Amino acid sequence: MNQWNDDPEIYGILVQLPLPKSLDQRCIFDTISVDKDVDGLHSYQLAALTSASNSRFSGLSIICSTGRGILEILQFYDVKLPGKFVCMVDTSRTIGVPLSMALSTRGSIITMCTLQTTNLKAKVEATDIVVDCAIVIDAGITVTENVNKRKMKVHGDVEQPDLLWKRASLVTPVPGGVGPITIAMLLQNTFDAYKFHLIQEISKAKK
Ligand SMILES: Nc1nc(=O)c2c([nH]1)NC[C@@H]1CN(c3ccc(C(=O)N[C@@H](CCC(=O)O)C(=O)O)cc3)C=[N+]21
């Protein structure tokens, strides 16, 4: 990692999850140079999310590509975030935690749900946006295999999206929803890291 951090030809580093249990995730994320952390997993990037978007912690501020993708979807469909009740059915550091912070700095009211949450049905019914009723962002991935056809199929967490459309104004599909935009945002984050690198080089040259 240190070698990649120092390599001027490398602008972005992504640690593909999940990591083996024997490795300390936090330690590995924090080894990535903040300016090359294109999936926003470094502690500094998570900390930067807690402050308003215009006060930047380090020069480059990156949110994980799935979180950025979900924000992009909400913005594209002109969903107004201030005052919205969001039910976050995910507590991971790659989606639930950073996205909750990003949404709360944009004025949404977040309920974080875990496996231990009781009465999830009532909580989901009382909200405007459900991550993972009105707007449902499905970031679930389950791969099942059709043994007869030997084909893999990808499903989201929403069991019957067709029925949900009767009550919701927006439902993202799986496949074809959060997944592809995650990849696009990873490239966007990498391009942003490259632009930030160029800006730093130019200001160094001026001095
Ligand atoms: N540091 C890190 N960041 C991640 O963002 C990260 C990761 N590690 N580890 C693995 C998971 C998984 N992930 C997916 C991204 C795109 C699709 C995707 O595009 N899926 C297609 C379906 C593809 C198919 O049908 O085979 C879709 O939803 O349309 C899926 C899964 C990112 N992850």
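Being a predicted model, the structure only gives us computed values, none of them experimental. What you see below is based on every heavy atom in this structure, not just the backbone, and it leaves out hydrogens, waters and symmetry mates. Counting starts at 1 for both ligands and their atoms, following the listed order.
Side chains of D30 and S43: a donor on one and an acceptor on the other come within 3.5 Å. D138 and T172 form no side-chain donor-acceptor contact under 3.5 Å, judged by distance and modelled atom types alone. Between the side chains of S92 and D90, at least one donor-acceptor pair of N or O atoms lies under 3.5 Å.
K123 places no side-chain N or O within donor-acceptor distance of the main-chain N or O of C87, the cut-off being under 3.5 Å. K84 contributes a side-chain N or O that, together with a main-chain N or O of K80, makes up a donor-acceptor pair within less than 3.5 Å.
Pocket lining of ligand 1, defined as residues with a non-hydrogen atom under 4.0 Å away: L14, V15, Q16, L17, D39, L41, T66, I141, V154, P175, G176, G179, P180, T182, I183.
Among all heavy-atom pairs drawn from I135 and S169, the shortest one is CG1-OG, 3.7 Å.
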